[in-house]
Amino acid sequence: MNIVALVDCNNFYASCERVFNPALRDVPIVVLSNNDGCVVARSAEVKALGIAPGKPVYQIEDLIRKHNIRVFSSNYALYGDLSRRVMQTLAEFSPEIEIYSIDEAFLDFQGFSRRNLTAYGHEICATVKRWTGIPVSIGIAETKTLAKIANRLAKRSPKTKGVLDLSDLRWREKALAVTDVGDVWGIGGRYAKFLRTQGVNTALDLARCEEGWVKKRLSVVGLRTVRELNGIPSISMELAPPVKKQLCVSRSFGRPVTTLAEMEEALATYVSRAAEKLRRQNSAAGSVMVFMMTNRFREGPQYVNSTVIGLPVATDCTQELISYAIKGVKSIFRTGFHFKKAGVVFGDICPVSEVQMDLFDMKDREGSRRLMDAIDTISARMGKGLVRYAAEGFKQPWRTKFEKRSPRYSSCWEELAVVEAVAGCDGCEG
DNA sequence: TCTGGGGTCCTAGGACCC
DNA sequence: TCTGGGGTCCTAGGACCC
């Protein structure tokens with residue numbers, strides 16, 4: 001029998017902030033999106049206050065003051081590093097693991113069925129907590145979609161102590177009956193609304209829908225979901241991270257951009273980040289799309305535009321990609337607007353080894369390859385951003401804000417956590 | 001003053017070809 | 001008055017995820 005576990009970190013970003021700062025334990029915490037704009041993560045205390053995810057922070061200033069909520073900018077260096085540690089720990093417990101997102105992983109438990117899976121789950125929770133400081137919950141079931149539901153219930157019910165095994169049929173129906181259709185993995189806001197108009201209100205209602213009808217109204221994706229709810233595995237484990245077909249880097253600006261020069265700097269910077277990602281997966285991009293937009297939430301003249309530049313020869317070389325992107329920027333930039341956000345999307349991505357060459361291509365590709373290797377090596381050894389293109393600008397006044405970021409405790413020498421010895425401390429051993 | 005970022009997949013419809 | 005049929009490819013838009 002197919003058995004899969006979904007391990008999900010509890011309030012991951014908020015939990016990360018607590019790992020190196022015990023004073024934050026039991027204190028309400030929110031973590032903000034880029035530019036310190038919206039709430040993207042909440043501790044349990046904040047969820048209890050009813051603050052919705054995605055809430056713009058300026059709309060909850062009063063609540064923050066009243067309940068003394070601690071507010072943090074996103075600290076991706078910290079979260080990424082702790083995520084890696086959690087995943088490494090999980091890999092000890094199953095030969096097959098799919099890292100689904102920064103805070104979730106599916107473990108294949110096939111062949112484990114004779115064990116007491118609930119006890120095994122508790123052992124995983126305890127080990128991850130001990131080794132990384134991060135609390136996790138685990139849902140176990142025959143399919144990924146059911147494991148998601150099990151996980152959600154495990155988080156909600158204190159009785160489960162963080163682990164719920166739904167592989168027993170008797171429990172499955174009960175679990176589906178208490179799960180709102182909108183809380184099913186794969187059913188978003190639009191589908192949930194539509195399904196409710198059809199009298200489909202719970203996961204159990206959805207599981208009992210006729211397959212032909214589901215396929216017609218929710219496409220084959222919805223059909224897979226329904227089958228999964230009935231215990232038929234229809235979404236397989238992805239053991240290796242898939243090569244990206246599209247790579248995007250976009251950011252809101254810390255303050256409005258009004259000049260072409262600044263817009264070019266910003267785009268050059270984003271292209272540089274995107275090109276690093278591209279090289280990490282050994283790919284080359286065949287097209288570059290750039291876009292820019294004003295702030296749709298503000299009064300004043302609005303402008304949104306984008307342009308795609310097809311490359312004669314696909315490349316992973318930063319300076320070449322920057323030059324195409326700058327051409328795009330020049331073609332769509334207009335003065336007289338306060339730009340809020342811009343970005344770059346690489347498309348027509350193919351493996352570097354399969355790049356179609358051009359008979360009349362005169363570029364020194366071997367030379368650029370060596371340059372890229374050198375830059376990537378320096379960045380890896382000496383720190384990101386140490387070497388960069390002049391086109392990226394120096395002061396970068398438009399940069400995204402992270403004004404409330406905690407120290408990068410685990411990935412930056414200057415910001416390591418400091419432990420002060422206290423005389424007479426009896427908690428120390430040896 | 002202040003409203004995130006980065007992805008995937010599927011479908012419908014148009015263009016184009018024979 | 002009359003206007004085939006079937007296939008492929010591409011793109012835009014819509015849905016979803018964290």
Side-chain angles (χ1 to χ4, degrees), chain A residues 6-9 11-13 30-41 51-62 64 71-76 79-80 83 98-106 144-145 148 151-152 181-195 214-225 228 234-236 238 241-256 270 273-274 277-278 281 286-287 289 291 293-300 306 308 310 338 340-349 400-404:
Chain A
L6 173 66
V7 185
D8 192 317
C9 301
N11 313 321
F12 183 57
Y13 291 180
V30 294
V31 179
L32 305 181
S33 61
N34 280 0
N35 238 6
D36 298 340
C38 299
V39 172
V40 289
I51 294 175
K55 194 85 177 155
V57 68
Y58 74 91
Q59 292 177 2
I60 55 164
E61 301 271 313
D62 289 347
I64 289 172
V71 179
F72 293 93
S73 305
S74 289
N75 185 343
Y76 296 113
Y79 311 153
S83 171
E98 172 184 342
I99 297 170
Y100 178 68
S101 73
I102 193 163
D103 70 337
E104 282 172 77
F106 289 102
K144 286 176 156 185
T145 307
K148 276 266 189 187
N151 189 292
R152 189 170 162 278
V181 72
D183 291 324
V184 174
W185 189 44
I187 304 298
R190 292 292 174 88
Y191 283 167
K193 197 174 163 197
F194 164 72
L195 287 167
V214 172
K215 185 171 179 200
K216 193 168 148 210
R217 309 311 294 259
L218 310 183
S219 91
V220 298
V221 182
L223 180 57
R224 269 180 223 140
T225 298
E228 288 247 320
S234 308
I235 303 171
S236 53
E238 306 265 350
V243 171
K244 301 224 183 319
K245 298 164 185 171
Q246 206 177 57
L247 265 172
C248 172
V249 171
S250 76
R251 297 274 185 283
S252 299
F253 300 126
R255 63 138 171 82
Y270 301 163
R273 295 292 86 71
K277 294 188 193 180
L278 194 62
Q281 64 165 30
S287 70
M289 193 261 267
F291 65 90
M293 57 183 71
T294 47
N295 189 342
R296 68 181 196 278
F297 296 107
R298 276 186 56 173
E299 302 266 319
S306 64
V308 182
H338 284 71
K340 174 65 180 169
K341 180 178 174 180
V344 59
V345 184
F346 292 164
D348 297 311
I349 289 175
T400 311
K401 283 189 288 192
F402 294 93
E403 286 170 353
K404 294 163 183 170

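Here is how names work: the chains are called A, B, and so on, in the same order as the sequence lines, proteins then strands, and each is numbered from 1.
Each of A/K340 and A/V221 has a nearest nucleotide on DNA chain B; the 5'-most of these lies closest to A/K340.
In this structure the side chain of A/E228 reaches within 4.5 angstrom of the side chain of A/K144, judged on heavy atoms. Annotation: side chain of A/K340 is not in contact with side chain of A/T294 (no heavy-atom distance under 4.5 Å).
Remark: A/S250 is in phosphate contact with B/dG6, judged by side-chain N or O atoms under 4.0 Å from OP1 or OP2. The phosphate of B/dC9 has neither OP1 nor OP2 within less than 4.0 Å of any side-chain N or O from A/R224. Of the side-chain N and O atoms in A/K148, one or more sit less than 4.0 angstrom from OP1 or OP2 of C/dC18. Of the side-chain N and O atoms in A/R298, none sit less than 4.0 angstrom from OP1 or OP2 of B/dT3. For C/dA15, neither phosphate oxygen OP1 nor OP2 lies less than 4.0 angstrom from any side-chain nitrogen or oxygen of A/K193.
Residue-level contact check: A/K245 touches the backbone only, with heavy atoms under 4.0 Å from sugar-phosphate atoms and none from bases. Within 4.0 Å of A/N295, counting heavy atoms only, lie sugar-phosphate atoms of the nucleic acid but no base atom.
If you take CZ of A/F297 and C1' of B/dT3, they are 4 Å apart, rounded to a whole angstrom. Between the OH atom of A/Y79 and the C1' atom of B/dG5 there is a distance of 15 Å, rounded to whole Å.
Atom name P, nucleotides C/dT3 and B/dC17: the rounded distance is 24 Å, in whole Å.
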